[in-house]
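Structure record follows, encoded as structure tokens.
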Amino acid sequence: MSNIPTAADSIPALTGSSDIAKKKRFDVGLVFWIFTLWIAITVLAAIFASLLGLQDPNQGNYDILNQGPTTAHWFGTDDLGRDIFSRVIYGARVSLTVGFGALTIGMIIGGTLGMIAAYRRGPVDIIVSSASYVMLAFPALVAVIAIVAFWGHEIWKITIIIGVASIPLVFRVVRAATLSYATRDFVTAAKSQGATDWRIITKELFPNVLPAIISFYLIGVASVIILEGALAFLGLSVQPPTASWGNMISESRTYLSQNPWLVLFPSLAMVFFLVALNLIGDILRSTLDVQESQL
Amino acid sequence: MTMASERSENFPIHDENPGPLLKVRDLRTTFTTPRGKLNAVDGVSFDLARGETLGIVGESGSGKTVLSRSIMSLLPRSGLEQSGSIEFEGIEMLSATPDVLRTLWGAKISMVFQDPMTSLNPVVRIGRQITESLRLHTGMDKTEANAMAVSLLTQVGIPSPEQRVRNYPHQLSGGMRQRVMIAIALACSPRLVLADEPTTSLDVTVQAQILDVLAKLQEERHMSVILVSHDLGVVATRTDRIAVMYGGRIVEIAPTDRLFRAMAMPYTKALVASTPRLSQPSHVRLTAIEGRPPDLVHLPKGCAFSPRCSYATDKCHSEVPPLTASRDNASHLFACWNPLPSTPVAITTTPGSSAS
Amino acid sequence: MTRFVLRRLIALIAILFCISVGAFFLIHLLPGDPTVTILGPNDTPENRNALLKELGLNLPLWQQYLTWIWNVLQGNLGQSFITHQSVSKIISSAFPIDLELIILSQIMALGFSIPLAIASARRPNGLLDRASTTTSFGMLAIPPFILIVVLVLLFSIHLHIFPGPGSYVPFQQDPISNLHTMILPAIVLMVGSTTIYFRLLRADLIATLQQDFITVARSKGLSDRYIMWRHALRPSSLSLLASAGLNISGLVAGAFVVEYLLAIPGLGFELVNSIQQVDYLSVQSITLFVAVVIVLINFIIDFLFTVVDPRIARE
Ligand SMILES: Nc1ncnc2c1ncn2[C@@H]1O[C@H](COP(=O)(O)OP(=O)(O)OP(=O)(O)O)[C@@H](O)[C@H]1O
Ligand SMILES: [Mg+2]
């Protein structure tokens, strides 16, 4: 297109912010490990939810409607007497599957295209870049809502739709990150020694853009989890009685004044997880950025 | 010189004050670094008379920039320790409050920086970058300041200044930008200009022009100038005195012609030998000074130059030589146990090209 | 300058053409039957076919597209299948609401983030900086729907400061009550923008303050305040500008969660309604309108780039 930077070229929270207080080694501090541990616990709990001996998340009990936290029900019960603790953990399954799944799809397709486009330049780059511009100008949320509404609310469909919708953005980020390396000496050197394109991309470029990719991945997962929640509020995510953080919060609206616990626990679960993702993404970026500049 | 009369109305010159313009005594500037305390300036003392030009030379890392920024009190305060005294027009700079400093900066004492490519704000027009200090310090209104900016640009030799004030820095060449920097520094007719390697990043012909402009304006306005350079050739023809720095200290200081007639420090001699000369065919290799500049965190014992000095004796390796006056000339000081015999060195000093 | 505008215009038209095709086929290739929404699930196939014919939905897709785009080019966005309201009318009553929300929220966001970023960048790692950086992290992780639930609980249900969901009043009818109802959603939208703007601007300001020209400005005796606003802010605002562009584009029809939860009939609200009712024409025309607005916003942002930084050539 042109050499004018457009809004899409500098995606906020990705290209900006590198602090002056730069650290030398991979010295990320305690906070990093605490939040990593938190993510690990949440992910493991979601995967092995059925082995944890939890109460059935969808089994109501009309004797204990809308209770606050008790020893039997740590997070209390909802308007159908279901155990909120168990629902929060099972709900994590949906949010996490959509979040990690969609971004993985976006990364595999958009990331590969981005690296190829930045490495090859020329017509390939022009075509894919132009396509990404067009897709970015398309109101993506509208497309996602429309397709989910018409195609269906199964978790795998939502994952694929959001994943595909994330491709142009992932493409732009990875392309920008790769571009800054594609012209560096070590790439030129590898080329002159007759390394194949595949080898250069996988062995020279990929390891270098990996830090940027990982941090974008984590922050991207956070945004997709929010998007899934928003879909749930429109009734466009997984259908009840299946729990997701989003639809638990959405359903709780009706009982807000009677039972604030209902909104509290899924919200906390979600917010903590999002904080952890954002924080780790940010720490990784600022730490790994420095190592790159020391090359 | 209609300008001169205009200027003296706006900036009354109080040269009637007796005594030197600047008195530096035992100045120490220490940075706290991860490796330990770094003595970037280590006990520097000198005086600067009104209208005088002092050259400061030394290898890279010898502390020239830190010294000149210390004099201006412009260093970032965090991790910084300073002691000694810097008296400028009777004001103690080291203990001056930021408010006092701001009334001096740009008005009485100003600085020309090394790299004109990064010293101008890329998104502010040239005109504003000149007029903002004028309006701040002299209370001129917009029109007066603009007219002054145009006349300043004329004085530093920029063609069609009326158009240039509306330009952004990227529309100017490196040489032109440094002229603009000089115009900025001289806008309020300061008493002292610190020029920190003002020409290092420019090509040779432009270097001479820029230094000529600076010298001309200095003479017109009777300012003092501290001209920092790692190139003795640059300062040789344009200074009244030269101070040679090594490892954060002044190791030799003398009037310019005296220095070249009777330099005492082997380090000064080595510096001269490493200076490129225009008269030299360009294929003649420069003799770089052997060895590395000292580590300022862990200075060598004795004379800091001794590890690299071919004249060094045991005494040099164990005792720090004090800065003492030469026997035959009280204005020539050096810090050396084994000074060189006085032999004139062949760098031509063109008399008259230096100010005052 | 003319060339800059011309080149952009051509790119713009190309992009809009692609989007019109995309919007059209996206909607039509999806499963879903408008006749079910209109006639109910139990009507006869004959009636359905008659309706399809009446709506022009029996023609080949490319013909439908051409008819639609031809009408759009003449300024006729069509009619809703279901409510028979003209789409132009839907847009002209819904879009001003989005515009109001965007303006309110962005003014608040910039009004908060710029001074805060400046104050923080002045002393990186100082008390204020650490407090605001940490807070911004927390805020970044609060999704709008949680925020709105909490704010409604607090301000509407408990404190009765702002009206709750469903109390939207059009501006023309009563500007004061309108503003009163719009403050809560604007705050929700503001929070996300503020955190991002703050973080970007703070980081860029810290980098800019390391530059030589800032030392030069200090050496002129200028005050810290003047240096911040006159010398540091502008060269530090490019990322802020880019992200404001993205944010504002995202809010056009993207504020649907907030609009939906508070029953504010903005563009996002209308769009979600139309989608749920399989209202082809409304969806594709509104989508196209939103795309035009987004493209225009990007156009303006690109232009602002050249204003903020004269080095960016208008080529
Ligand atoms: N802010 C700082 N923090 C720590 N050390 C510093 C700082 N500024 C300068 N130094 C150190 O002080 C010493 C003197 O540096 P200075 O810049 O004054 O040298 P110089 O003589 O101006 O060299 P050059 O000719 O390269 O400009 C160097 O060792 C440098 O690393
Ligand atoms: Mg220097």
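All of these numbers come straight from a predicted model, not from anything done at the bench. In what follows, chains are A, B, ... by sequence order, proteins preceding strands, each numbered from 1.
- Rounding to the nearest 0.5 Å places CZ of A:Phe138 at 11.5 Å from CG of C:Leu16.
- The shortest heavy-atom contact between C:Pro143 and A:Leu274 is CG-CD1, 3.8 Å.
- Proximity to chain C is limited to the side chain of A:Leu236, based on heavy atoms less than 4.5 angstrom apart.
- When side chains are defined from C-beta on, A:Pro139 does not count as touching C:Val252, because their heavy atoms never get closer than 4.5 Å.
- Interface remark: A:Ala143 contributes backbone and side-chain atoms alike to the contact with chain C (heavy atom separation under 4.5 Å).
- Taken to the nearest 0.5 Å, the CG atom of A:Asp282 stands 4.5 Å off from the CZ atom of C:Arg199.
- Note: A:Ser267 leads A:Ser267, A:Pro266, A:Ala149 in heavy-atom pairs under 4.5 Å with chain C.
- For C:Phe145 against A:Ile226, the heavy-atom pair with the smallest separation is CE2-O, 3.3 Å.
- Contact annotation for C:Ala244: neither backbone nor side-chain heavy atoms come within less than 4.5 Å of a heavy atom of chain A.
- Residues satisfying the side-chain contact (heavy atoms from CB on, under 4.5 Å) criterion with A:Val134, sequence neighbours excluded, are C:Ile15, C:Cys18, C:Ile19.
- In this structure, CZ on C:Phe137 lies 6.0 Å from CG on A:Asn278, to the nearest 0.5 angstrom.
- No more than 12 heavy atoms of other residues, nucleotides or ligands sit less than 6.0 Å from atom CG of C:Leu127.
- Proximity to chain C (any heavy atom under 4.5 Å) is shown, for A:Ala222, by neither the backbone nor the side chain.
- Considering only heavy-atom pairs separated by less than 4.5 Å from chain C, the leading option among A:Leu234, A:Val271, A:Leu231, A:Leu141 is A:Leu234.
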Sequence neighbours excluded and cut-off under 3.5 Å, please list the side-chain donor-acceptor pairs for residues 267-275 of chain C, or say none.
residue: C:Ser274; atom: OG; partner: C:Glu270; partner atom: O; Å: 2.8

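- Between chain A and the options C:Leu153, C:Ile142, C:Ile294, the largest number of non-hydrogen pairs under 4.5 Å is found for C:Leu153.
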Q: Given side chain to side chain contact (heavy atoms under 4.5 Å, CB included), test A:Ile145 with C:Phe256 step by step and report yes or no.
A: CA-CA 11 Å; A:Ile145 297 171; C:Phe256 58 82; 3.4 Å; yes
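- The OG atom of A:Ser250 sits 7.5 Å away from atom CG of C:Leu261, with the distance rounded to the nearest 0.5 Å.
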